[in-house]
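So the structure is just underneath, and the comments pick up after that.
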Protein chains: 2
Amino acid sequence: MSTSDRILDAATDAFGLRGYNATSLDALARDLDVRKQTVLYHFGSKDGLLEAVVDRAAGELSDALSEAVDNAPPALGNVEAVVRATFRLALRRPELLGLVRELSRLGDPWVGRAVESLEPMVKRATEFLEAEMEAGRMRRSDSRLLLVSVYSTVMGVATEVEILRAFGVELTLRTAARRRKELIVFLHSALAPAE
Amino acid sequence: MSTSDRILDAATDAFGLRGYNATSLDALARDLDVRKQTVLYHFGSKDGLLEAVVDRAAGELSDALSEAVDNAPPALGNVEAVVRATFRLALRRPELLGLVRELSRLGDPWVGRAVESLEPMVKRATEFLEAEMEAGRMRRSDSRLLLVSVYSTVMGVATEVEILRAFGVELTLRTAARRRKELIVFLHSALAPAE
DNA sequence: AGAGCTCTTTACCAAGTGGTAAAAGAGAGG
DNA sequence: CCTCTCTTTTACCACTTGGTAAAGAGCTCT
């Protein structure tokens with residue numbers, strides 16, 4: 001495995017789990033048993049490193065989610081497929097979801113950069129929502145606002161560990177499945193057409 | 001206005017809007033035209049300052065929300081009252097909501113400290129949800145998980161400016177009202193009893 | 001006037017920050 | 001063997017960080 005790949009991995013972990021500003025190049029290099037200047041040689045600057053991390057992570061995220069929707073058993077709805085994929089990511093690649101949260105905190109220009117890669121996903125999602133509304137299978141409303149609501153809910157329930165604990169939710173593998181199930185019901189109910 | 005109050009205000013702003021780690025005592029003091037050591041005199045350390053900020057903010061938050069629920073016109077549901085109060089806060093005291101987000105990022109022991117003050121609110125909310133379920137006015141499910149879902153959705157739609165923009169939502173005063181309305185519909189739909 | 005108090009300032013400091021400059025390894029081709 | 005290129009390291013640097021020590025400043029009470 002090349003050095004620059006190892007750096008990219010470690011940086012994704014650190015930025016996603018601990019935060020960009022909370023991660024120093026020295027600490028990062030120390031973890032890899034490499035000198036800080038090696039990091040700077042490969043990525044030019046800390047910002048350059050984050051750029052590389054964001055670009056790669058956005059790709060992985062996009063791949064994971066579209067793959068989940070495409071290969072989901074036909075019985076599974078798209079919403080359910082995305083929720084399941086997100087929970088799988090929260091378990092296996094928490095740094096990726098953490099990175100999304102971190103980017104939305106850092107604001108421009110990082111969000112912009114990430115959104116560029118994820119744009120196709122957003123487009124696909126809104127188009128799906130609109131098609132469902134058109135077909136009468138979903139409550140009619142502003143698809144983009146709906147998307148933000150769904151996004152917030154899913155990210156919250158899947159990744160806001162501190163909040164969950166604060167609200168008295170037990171956090172184990174078993175309860176994760178329970179959480180996921182309840183979330184799917186919640187979303188279906190939220191999206192259901194008016195009676 | 002006493003110096004320590006001015007410091008507390010500025011620190012709440014800075015921590016809530018820019019983040020704890022992103023705010024240096026020097027920068028904070030500079031804004032107030034005071035020396036850093038004045039800040040340290042009043043609060044002992046940066047952590048001490050955050051403690052004071054958290055305690056006061058939790059009180060204010062708790063007051064604002066319970067007042068909103070208590071004094072809401074009877075026609076307004078509790079959910080609606082909380083959503084309206086949150087949007088009002090997002091507009092007038094964005095630093096308070098920002099601080100909540102920041103704390104959930106910083107994790108223990110800060111979350112614990114905040115939750116202690118907010119515990120009565122959480123209790124009240126879960127009890128409300130359970131009473132509504134009992135009365136058949138809400139879909140039956142784990143009240144704490146439900147609370148996390150609602151919390152995440154409301155905070156997301158009310159405060160995740162970058163995400164909203166990224167998803168193509170226009171952000172003006174007019175659209176804020178629209179957002180609020182759609183959110184209330186979303187929540188009512190999500191919480192409605194199964195048909 | 002002086003003592004004692006609270007509050008604020010000046011003067012430092014050790015540790016850590018991202019980053020530059022340049023030297024040293026290491027492998028490949030001539 | 002020499003040199004060229006890619007990679008990594010050593011050596012620095014200016015600046016910022018949170019924090020300590022101590023000196024003033026302003027006030028009230030005796």
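The figures here come from the full heavy-atom set of this structure, side chains too, leaving out hydrogens, waters and symmetry mates. A note on names: the letters A, B, ... follow the listed sequences, proteins ahead of strands, and every chain is numbered from 1.
- Contact check on A/R165 versus A/E170 returns no salt bridge, with no Lys/Arg side-chain nitrogen under 4.0 Å from an Asp/Glu carboxylate oxygen.
- At whole-Å resolution of the value, CZ in B/F43 and P in C/dT8 are 11 Å apart.
- An OP1 or OP2 oxygen of C/dT6 is reached within less than 4.0 angstrom by no side-chain nitrogen or oxygen of B/H42.
- The nearest whole Å value for the distance from the CZ atom in B/R6 to the C1' atom in C/dC7 is 14 Å.
- One interatomic measurement links the two molecules: NZ of B/K46 to P of D/dG18, which rounds to 4 Å at whole-angstrom precision.
- Closest of all the heavy-atom pairs between A/S104 and A/V111 is CA-CG2, 3.9 Å.
- Hydrophobic clustering places B/F87 together with B/F186 (ILVMFWY residues linked when any side-chain heavy atoms are closer than 4.5 Å, directly or through intermediates).
- Spacing between atom OH of A/Y41 and atom P of C/dG25 amounts to 18 Å, rounded to whole angstrom units.
- One finds a side-chain N or O of A/T3 lying less than 4.0 angstrom from the OP1 or OP2 phosphate oxygen of D/dT8.
- Here salt bridge (Lys or Arg N to Asp or Glu O under 4.0 Å) pairs that include residues 57-77 of chain B, with residues two or more places apart or in two chains, are B/R56-B/E60, B/E60-B/R93, B/D70-B/R124.
- Rounding to whole angstrom units, CG of residue A/L40 and C1' of D/dT10 are separated by 14 Å.
- B/E132 CD to B/E127 CD: the interatomic distance, rounded to the nearest 0.5 Å, is 13.0 Å.
- The existence of a salt bridge linking A/D142 and B/R179 is excluded, since no basic side-chain nitrogen approaches an acidic carboxylate oxygen closer than 4.0 Å.
- Of all the residues in residues 15-39 of chain A, A/T23, A/S24, A/L25, A/D26, A/K36, A/Q37 reach under 4.0 Å from DNA chain C with at least one non-hydrogen atom.
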